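These figures come from a predicted structure and were not determined experimentally. Both ligands and their constituent atoms are indexed starting at 1 by order of listing.
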Amino acid sequence: MAAVTLSLVQPPCGMCFAGRRLRSVIVIQAQRGNWSKMRFSNLFFSSKVWKITYRSKHSFPDNLLEQVEKCANARLETQSKLISKVAALMEYDNVDDVFDQKSDKQVKEELESACKRFPAISLGYSRPVELYSRSKFSEEANRSILKTPNENSFLPTPMPVGWLDPDGLSGTLSSFSPEPLMNVDSTSLREEISDGSSFMVQTATSEAETAPEEEDSASAQLFLSCTIGSMPGLSKRQSYQLDTCGFHTMRKLLHHFPRTYVDLQNAHLDIEDGQYLIFVGKIVSSKAVRASSSFSFLEVIVSCEVTGRDQTPENLSCNADDKVGKTFYLHLKRFFRGARFTWQPFLNSIQEKHRPGDFVCVSGKVKALRAENHFEMKEYNIDVLRDEDESSLSAQGRPYPIYPAKGGLSPKFLSDVISRALRILPTNMDPLPKEITTIFGLPSLHDAYIGIHEPKNLDEADLARKRLIFDEFFYLQLARLYQMLQGLGTKLEKDVLLEKFKNPVLNSVYIEDWSALSKSFVKALPYSLTPSQLSAASEIIWDLKRPIPMNRLLQGDVGCGKTVVAFLACMEVVASGYQAAFMAPTELLAIQHYEQLRDLLEKMEGVPSKPTIGLLTGSTPTKQSRMIRQDLQSGAISIIIGTHSLIAEKIEYSALRIAIVDEQQRFGVIQRGKFNSKLYGASVVSKTGSPDSDDATKADLNMAPHVLAMSATPIPRSLALALYGDISLTQITDMPLGRIPVETHIFEGNESGFEEVYSMMLKDLESGGRVYLVYPVIEQSEQLPQLRAASADLEVISQKFPNYSCGLLHGRMKSDDKEEALRKFRSGETQILLSTQVIEIGVDVPDASMMVVMNAERFGIAQLHQLRGRVGRGTRKSKCLLVGSTANSLKRLNMLGKSSDGFYLANIDLLLRGPGDLLGKKQSGHLPEFPVARLEMDGNMLQEAHIAALKVLGDSHDLEKFPALRAELSMRQPLCLLGD
Ligand SMILES: Nc1ncnc2c1ncn2[C@@H]1O[C@H](COP(=O)(O)OP(=O)(O)OP(=O)(O)O)[C@@H](O)[C@H]1O
């Protein structure tokens with residue numbers, strides 16, 4: 001049986017015990033009524049209460065208490081409905097008047113008699129009140145949830161409790177309430193239910209109970225994780241509906257953000273349908289009508305005087321100073337479906353809620369009715385003003401939030417529930433330390449929720465959005481850095497790592513301190529390294545000397561010379577006696593890197609034992625690949641270059657120390673992470689060198705390899721942070737000396753456009769150049785006949801340029817054929833190479849001097865920039881011709897004509913096409929979801945969030961000092977989602 005625990009706080013001297021408190025007593029007692037057991041229908045029970053309140057007003061509380069007492073043993077699931085009904089009925093009875101006329105003494109006597117009758121009611125103190133089911137949270141947490149200093153704002157209130165239409169059709173009547181809710185500030189009532197769950201009706205503000213702030217915030221933020229069913233005042237059906245539509249928790253509900261805000265304008269003389277306007281006027285009538293046996297509606301008519309200048313043509317001649325006035329009639333309707341809403345007392349009650357003559361402020365969307373100056377208000381809000389003076393304040397327009405519907409729940413319903421949730425939002429729920437919000441100028445979480453849902457102006461909404469975006473980025477960064485720190489042993493290591501992130505520029509090793517092998521490698525290069533290449537290599541080598549696995553992204557514009565920097569990293573590792581793996585996205589590129597490295601090693605002089613290198617791709621013959629695997633296992637191979645076969649399970653390394661992933665958009669986080677499983681044992685080292693005693697310390701044992709990712713599509717920093725979180729960035733910002741910028745020309749793909757393109761091609765070929773022709777597809781397609789296809793065009797181009805030989809290269813060709821086609825083009829046997837975008841990545845033919853891209857609008861800007869980077873890699877002046885299918889497409893392509901800065905173009909691409917397109921499907925699949933933030937717009941905030949996360953972790957490596965933050969982190973970021 002349900003045990004009733006009811007607590008009433010002794011009011012301060014002189015303050016009247018409001019009738020509301022007794023009403024609350026009744027409400028609680030009503031919970032005990034087992035109306036389901038007694039087969040009471042809703043109607044029956046309601047009518048009972050009504051009868052009592054109407055017939056015997058004077059002894060109303062006693063009688064009512066008696067009646068509800070009869071309904072013992074309420075079943076848990078029926079209680080919330082019952083309580084809603086009773087609370088609602090109480091609200092509409094003028095019970096306050098009855099009690100307010102009585103003296104304190106009288107009220108006290110009544111309370112005492114109630115207490116005698118119901119031993120569960122005790123006077124004089126307030127016990128802790130639990131808001132949510134104990135099964136969901138620890139008792140302690142619940143207690144402190146309710147000890148928020150601003151408890152009143154946290155309290156559920158009976159008005160909305162009672163009036164949410166159980167059918168979900170008519171929404172809440174809360175907007176009709178002249179005074180928001182019952183002001184029970186110092187009464188605490190609680191009923192504990194036998195299964196341990198509890199439901200709070202009202203709670204108290206008691207100084208003695210005010211808990212320390214930290215405790216408050218730690219538990220108050222648990223509020224967001226409360227199930228939607230725990231939200232006071234929702235009917236069972238509404239909870240169910242919300243839950244099935246995905247609003248499982250308060251967080252989910254509060255994160256249903258407005259789609260947009262309508263600028264609510266003050267009413268003016270010329271009203272047009274669909275405008276969102278705000279009026280101040282007087283209620284002229286309020287009528288509740290029973291339309292059928294199961295349908296009723298309420299219509300409130302508000303008259304509003306609006307003055308202004310008449311803009312109609314016949315009045316244009318009037319003096320400009322003449323103001324005219326008009327009276328508009330606004331019709332506010334609300335519909336109710338269900339027999340119980342056709343019941344006359346109910347209709348009377350809702351009708352009386354709006355008294356003719358009341359000043360109100362009405363806002364919503366207007367729709368003209370047939371009668372002149374009569375408008376229906378849709379999606380409206382109505383607020384009763386205390387007096388006319390308040391009207392000037394209220395009439396100031398606010399942004400009007402427009403919510404998206406979800407799962408069949410109407411925007412209005414959602415907005416009502418959200419606004420109710422906002423009213424019980426604890427103010428101190430912010431898990432972010434105050435210091436962080438202050439440094440970054442962010443509002444508190446409480447203010448952010450209010451600001452996004454009920455902003456006073458658009459600036460407030462913007463600031464709120466900023467805070468919510470910051471949170472999304474912050475927790476991502478925090479989780480990734482936290483995860484990384486957890487992988488480290490000592491405090492010192494953690495400090496070093498955090499310091500490294502804070503001051504990335506300070507961490508580099510001068511060339512004098514590089515290994516002898518690296519220095520000889522630099523000497524063997526046919527060119528000198530650019531300053532950027534030097535500093536990039538220094539940064540990487542600094543990292544390689546730490547006992548913490550490096551996770552670095554080497555970025556640089558196409559053709560800036562990243563490969564050689566990566567080779568240097570390999571040399572440094574090999575010099576310490578370890579192995580390096582270099583993974584390329586395509587076989588072509590793997591072969592290219594292998595040959596380049598082989599040539600450079602051959603030129604190296606004065607090195608006693610040169611590093612041994614191997615090539616392993618999908619097409620390596622089985623016998624050869626078995627041998628390579630054996631050599632990797634024994635340490636006979638110190639640098640292995642290959643494709644994704646390098647991370648195959650059967651590959652074992654003896655001492656893998658660095659994995660270079662030439663990502664070029666093709667590899668995702670997972671592939672990089674797979675290298676982590678390629679741990680090495682310290683017992684075996686490669687043959688090239690022996691580990692320095694300093695480096696190969698015990699801490700190195702079983703350390704995951706360093707990972708250096710290379711990206712030629714400069715991923716905007718924000719995107720890199722979002723994608724990798726904990727990654728360090730190294731950028732090569734200058735180009736090798738002697739490079740001549742590629743000229744870019746844009747053409748429309750019509751007859752004259754192609755004529756010009758062909759003539760430019762001919763000129764280039766005649767001067768000894770070599771031309772890439774890039775196509776969006778291999779074969780002509782019936783679905784997309786406008787696309788030029790590489791295979792189909794081979795004949796056309798061969799005929800057009802009979803004196804030159806053409807080659808074909810595309811992804812469907814066999815590996816050997818591809819290599820052969822590229823070899824011929826590189827050597828000059830073929831002068832024209834018709835290709836698909838397979839050449840986009842890394843292909844390095846320094847003599848290629850022209851690139852023509854057909855149907856160029858089919859490629860992203862970053863992609864085109866990549867393609868363009870295939871030319872201009874030597875000393876010849878090169879050109880890139882982009883042929884757009886239509887005149888419309890040229891605008892976007894023109895951007896490439898204006899800039900050759902890959903970072904700038906990548907940002908533009910991110911802005912225009914979003915991260916998914918920029919990264920490619922594979923990689924963008926690893927991007928975390930950001931419900932509010934748009935990386936392309938809000939990316940710069942990621943950097944702030946990164947700094948904030950570093951700061952927090954710097955203060956407390958394991959977040960022990962920030963329990964609320966830790967709890968929030970675990971709720972937001974399950975660690976399995978954190979990439980590698
Ligand atoms: N410092 C330098 N001076 C002159 N040439 C250089 C320099 N560094 C690299 N190169 C040459 O520039 C060309 C491009 O280098 P590399 O292939 O490393 O560029 P990349 O940054 O990897 O470009 P991509 O993104 O296209 O792969 C190569 O032919 C390389 O030999």
Side-chain angles (χ1 to χ4, degrees), residues 511 518 521-538 540 552-571 582-603 641 660-667 708-715 729-742 770 772 774 822 825-827 835 837-849 851 862-876 878 880 900-903 905-906 920:
I511 190 161
S518 305
F521 184 77
V522 173
K523 271 191 204 143
L525 293 171
Y527 44 77
S528 18
L529 292 173
T530 63
S532 257
Q533 282 172 318
L534 269 174
S535 71
S538 305
I540 294 167
R552 194 172 274 277
L553 181 66
L554 175 62
Q555 288 204 336
D557 216 339
V558 52
C560 69
K562 294 178 290 289
T563 319
V564 71
V565 174
F567 284 161
L568 268 167
C570 295
M571 293 302 141
F582 195 129
M583 185 162 76
T586 63
E587 212 164 309
L588 273 182
L589 215 55
I591 298 169
Q592 187 180 287
H593 288 328
Y594 174 77
E595 287 173 354
Q596 202 182 343
L597 182 62
R598 190 192 54 199
D599 294 348
L600 287 171
L601 288 177
E602 270 170 21
K603 285 184 200 147
I641 296 178
I660 302 203
V661 185
D662 191 356
E663 271 192 336
Q664 316 267 13
Q665 303 176 285
R666 289 297 185 269
F667 290 111
L708 177 68
M710 298 202 295
S711 169
T713 302
I715 303 179
L729 276 184
T730 295
Q731 293 188 345
I732 299 183
T733 45
D734 48 21
M735 283 286 179
L737 277 179
R739 288 276 166 87
I740 307 167
V742 180
R770 261 167 264 168
Y772 288 108
V774 180
L822 200 58
F825 185 63
R826 194 174 277 139
S827 67
S835 160
Q837 67 209 67
V838 280
I839 58 141
E840 175 193 337
I841 305 154
V843 170
D844 186 32
V845 181
D847 292 334
S849 51
M851 154 97 26
Q863 222 176 353
L864 287 172
H865 179 64
Q866 274 291 308
L867 284 169
R868 177 167 64 176
R870 297 306 114 212
V871 291
R873 295 167 86 91
T875 44
R876 261 184 89 91
S878 307
C880 176
S900 56
D901 179 350
F903 287 93
L905 291 171

Hey, what's the ring geometry for His593 with Phe567, parallel, tilted or perpendicular (30° and 60° as the breaks)?
-> perpendicular

Looking at ligand 1, does Cys560 have a heavy atom less than 4.0 Å from it?
-> yes

Mind checking whether Met710 has a heavy atom under 4.0 Å from ligand 1?
-> no

Of the non-hydrogen atoms in Leu600 and Ala524, which two are nearest, and what is the gap between them?
-> O-CB, 3.9 Å

Residue pair Met851 / Leu867: nearest heavy atoms and the distance that separates them | CE-O, 3.3 Å

is_close_aromatic(Tyr594, Phe582), centroid dist under 6.0 Å | no

Any heavy atom of Ser528 sitting closer than 4.0 Å to ligand 1?
-> yes

Are any of the N or O atoms of Gly559 closer than 3.5 Å to those of ligand 1?
-> yes

Check ligand 1 against Thr530 and write out every atom of the ligand that is under 4.0 Å from a heavy-atom position of the residue.
-> 1 (N)

Which atom pair, heavy atoms only, marks the closest approach of Ala848 to Arg870?
-> CB-O, 4.3 Å

Between Arg870 and ligand 1, which residue portion shows a heavy-atom distance shorter than 4.0 Å: side chain, backbone, both, or neither?
-> side chain

Looking only at non-hydrogen atoms, the one of Gly556, Pro526, Ser532, Gly561 nearest atom 15 (O) of ligand 1 is Gly561

Short list, please: which atoms of ligand 1 are under 4.0 Å from a heavy atom of Thr563?
-> 16 (P), 17 (O), 18 (O), 22 (O)

Backbone or side-chain N or O of Gln866 under 3.5 Å from ligand 1 N or O | no

Of the options Val522, Ile732, Leu529, Leu568, which is the one that meets Leu534 in a side-chain contact (heavy atoms from CB on, under 4.5 Å)?
-> Leu529

Ser849 side-chain N/O to Arg770 backbone N/O, donor-acceptor pair under 3.5 Å | yes

